[in-house]
Amino acid sequence: MSDVPVTHTITSRRAFLRGGALAAVSLPSAATVLASCVQTPAAAATKAPVPAVPPAKTPLQRADEMDAMHEQGIKAFPAKTAGKGNQLMQPRMDGSVKVYDLTAAVTDWEVEPGKIVHAWTYNGQVPGPQIRVREGDRVRVNLINNLPESTVIHFHGLEVPNDQDGVPFITQPPVKPGGKFTYEFTVPNSGSHMYHSHHNATKQVGMGLLGAFIVEPRDLSHEPQADVDYVMILNDSMSGYTLNGKGFPATEPVVAKRGQTVRIRFMNEGMMIHPMHLHGMHMTVIAKDGWAQPSPWKCDTLNIAPGDRWDVLIHANNPGTWAFHCHILAHAESEHGMFGMVTALVVT
Amino acid sequence: MSDVPVTHTITSRRAFLRGGALAAVSLPSAATVLASCVQTPAAAATKAPVPAVPPAKTPLQRADEMDAMHEQGIKAFPAKTAGKGNQLMQPRMDGSVKVYDLTAAVTDWEVEPGKIVHAWTYNGQVPGPQIRVREGDRVRVNLINNLPESTVIHFHGLEVPNDQDGVPFITQPPVKPGGKFTYEFTVPNSGSHMYHSHHNATKQVGMGLLGAFIVEPRDLSHEPQADVDYVMILNDSMSGYTLNGKGFPATEPVVAKRGQTVRIRFMNEGMMIHPMHLHGMHMTVIAKDGWAQPSPWKCDTLNIAPGDRWDVLIHANNPGTWAFHCHILAHAESEHGMFGMVTALVVT
Amino acid sequence: MSDVPVTHTITSRRAFLRGGALAAVSLPSAATVLASCVQTPAAAATKAPVPAVPPAKTPLQRADEMDAMHEQGIKAFPAKTAGKGNQLMQPRMDGSVKVYDLTAAVTDWEVEPGKIVHAWTYNGQVPGPQIRVREGDRVRVNLINNLPESTVIHFHGLEVPNDQDGVPFITQPPVKPGGKFTYEFTVPNSGSHMYHSHHNATKQVGMGLLGAFIVEPRDLSHEPQADVDYVMILNDSMSGYTLNGKGFPATEPVVAKRGQTVRIRFMNEGMMIHPMHLHGMHMTVIAKDGWAQPSPWKCDTLNIAPGDRWDVLIHANNPGTWAFHCHILAHAESEHGMFGMVTALVVT
């Protein structure tokens, strides 16, 4: 159908993705412009002769080329990459205390096939390991800092005692490179919360120092029944636009059987809003920042701002593979196909 | 009042608007900067001689000049332009099936007086024709693609069967240039929804491939009574900041008689949030994405994110012409006067 | 601990803050890039000889340097600066009419220690004086325009008669430099509202022409009891990211005794969203734009869009000094420490 070899098309798409999702909307950097300004006479003289003009492509040929790149992305989904973030972490028990050891370090992280970034991670994962405890549990978090900068952990949303809040020079000294620090508290409130760096955090959270801290309520009688409970952490930093540390097509589909109830816990650790849109079914919003909404309400597009957590329920009653993506379209699709904040809800 | 001829002032304002609303907040492109970097000695030598310095203007003179541009914009409102989008479309009936033929094509579109863009349209309109049906109706949409790219239609918010969802390579092949595709479904849920391209959509929706898909509920007993029912689609792409495809002063005022109830159906097809602010009266928020809010709530500024639809009621009890605009002020006003996402609610 | 003298570190931090908070996220301007493009042979020839390479710093040394800057900012909080905005204004009484004289003028404004901007102010304050009246009060506002541009005042959220709405050429002529205008109305609705320029407003509001207009309801029986009632106006314009006209560390802490109830009235007069995040306690959202939320709801991060007002209650039950900041981290922290939209809730 196309006069462009498929392998070439694939290469273009890969090269595009490797360049980083954010590049799709980036502005010229000073360096780029400067480099373009500089042209020595020698460089000008060694320019290649003008090649013979190839025959112009028809709109259909160009459409076929574009469509092949789009198809390639969809067919690759879910693409395999090294590393998986947001893995449920089992605590060590010290008597009745649940102990979590979190080592912050620089780690190569594959965001999409072939796109490797030097992430800053907890235990080698982006997002860091998922912590799941219960209201009233005694929890100890040992932070080991193997980063080249000082760091701390803030438990975003947890109403811990002030000296466990993780803000340098307000509640504790920063933890130096090579240093350690222990947080310990009784989990005071339930809900979908987060932990992340609160030191040089524009950089450190952007580099990957973030994770989910889920607290089940002591009283489960008001807790909604869900067959699938899925944490989806949004980010928009040095890894591009990501869901749980991966960009499409390396994102993970959410899978449910027809008739099941899916709970999604959206968390935004980025710098921009991301209105997440689900195709084919609606979402019932049940909680904000871990607090039950007094009157759950329905939508298909939910605007999630930095620092927000929103819990929604989906009644998976419409079978098929459904696109599920940020509706700022530039965070989800380019001329080369879908990328970034795109996944699917698969109802079998 | 001013020592600058009025015709000159008008020209400046027009030239500004012609340049595009988005230019008001744009950053220098690489091309611009590069062009500025390049200056040959010859160009420098042919520079015009320095003109005699005109007498400095007083603050009052400069204020008069600025005010004249502002007045010009207001006095021009609502300015006539060629083309009107979002026009209610009557279906053809094929038995009991409501049939809508939508032809996607490139069309010159006048956004503001004299500002013509090469829009991508359904049936020559931006937004495309307004589709209004009822829950349970059988609907057929014939898409004819006269664009130079493949395209598809996604029915945003409608819980249609998967194969009618309009996502290339997930639910259907893209519709090639010159091709056709037929969607057909029984309308499953009511509310304020949208239809738009879901292929290369950052570009295609930005160029104009979008429209309203309104579904009245089968049971009207819970439907609020409204004397005026108005769809307002926000966009922020190649046409600049627009309401229903037009920028101020070519936007359309919403008109109501004192005592009437106005229903506005806000829809955001852009890439940015737009907090819409109404002067003089408040809005009661009754639905999100077509789903009734369990507890309607009041506001005068409503933050509308990309992909969102919000339905509000306004009790038009305060007579006069009231500004109604995006409160990101850079989307609504410049030194040259109001532009972009500005209209008025006129209560007579 | 560090091999860099502390005084040098302070200077760096000050210089950074002086450069403006927004610079932390700014893109290269055309001017910057152009300047970099230009290099005469003479300039190149006079370059200093390459200095001897100093011994490389260890990660710990660099961490100590960074941490010292962070500590310096925290220790300086709340830093003294000249001028305080948002001060409660006592009206003159003319019979039963409450009279407020507001003079708009250019005023030097100290945003942070040593960072002075040429603000446009009401009565020399950014935000302008806080107006607090009661529903049904008769209010007169005399605007005296000592600015070099025309201006007007719009009472954002107040459902005043049309001719008091302050929109040039729709409801009144602009008030020329040196001119005066009187607004007078019976306060029609209660809640947390604002007043600001509505002429060339992208510039004028950005420069500082804004203030709070708080209206207590006539019927206080539904009004929540609050021990502390605090207005927090967000802005993101020429002064950088500010809370009540000041950037961290010159922002003002909110102070409460343990067990007290704090009411915060958030108002966004900027161009960007600001999701405000409180540590250690949650917020109960009770009103939007002055209208009671039918079902108050809880959160710890509240997304505040331009033009929005949100009223929240905080039960100050967790003792300590708690960070309270915009969770778009680039509005709150850089490599040099916290800046901009950061303050604290101090529970004693």
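For clarity, every value in this text was computed on a predicted model and none was experimentally measured. Each chain gets a letter, A, B and so on, in the order the sequences are listed, and its residues count up from 1.
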Which residues satisfy the side-chain contact (heavy atoms from CB on, under 4.5 Å) test with B/E252, sequence neighbours excluded?
B/K84, B/Y230
For a ring-ring contact (aromatic ring centres under 6.0 Å, His included) with B/H279, tell me which candidate from C/H156, C/H198, C/H193 qualifies.
C/H198
Tell me, for C/H154 versus chain B, whether the close heavy atoms (under 4.5 Å) come from the side chain, the backbone, both or neither.
side chain
In terms of heavy-atom pairs under 4.5 Å with chain B, which of C/T202, C/N268, C/D308 leads?
C/T202
Checking B/P319 against chain C: side chain, backbone, both or neither under 4.5 Å from a heavy atom?
backbone
If you count the non-hydrogen atoms of other residues, nucleotides and ligands that lie under 6.0 Å from NZ in C/K298, is the total more than 12?
no
Name the region of C/P168, side chain, backbone, both or neither, that has any atom closer than 4.5 Å to a heavy atom of chain B.
backbone
Using heavy-atom distances under 4.5 Å, tell me whether B/N318 contacts chain C through its side chain, its backbone, both, or neither.
side chain
Looking just at side-chain N and O atoms, do B/H274 and B/D236 make a donor-acceptor pair shorter than 3.5 Å?
yes
State which residue, out of B/F339, B/Y241, B/F77, fulfils the ring-ring contact (aromatic ring centres under 6.0 Å, His included) condition with B/F248.
B/F77
Bottom line for C/P161: the part with an atom under 4.5 Å from chain B's heavy atoms is backbone
Per-residue contact mode, C/N303 against chain B (heavy atom under 4.5 angstrom)
side chain
Which bit of C/V167 is near chain B, if near means a heavy-atom gap under 4.5 Å: side chain, backbone, both or neither?
side chain
Can you say whether C/Q204 sits under 4.5 Å from chain B via the side chain, the backbone, both, or neither, judging by heavy atoms?
neither
Heavy-atom pairs under 4.5 Å with chain B: which of C/Q164, C/Q293, C/H199 has the most?
C/H199
Please rank C/I170, C/V160, C/D165 by heavy-atom pairs under 4.5 Å with chain B and give me the top one.
C/D165
What do you reckon, is NZ of B/K75 surrounded by more than 12 foreign heavy atoms closer than 6.0 Å?
yes
Can you tell me which portion of C/K288 sits under 4.5 Å from chain B's heavy atoms? Options are side chain, backbone, both or neither.
both
Measuring only between side-chain heavy atoms, which start at C-beta, is B/W322 closer than 4.5 Å to C/N162?
yes
Does the side chain of B/W297 reach to within under 4.5 Å of the side chain of C/W291, using non-hydrogen atoms?
no
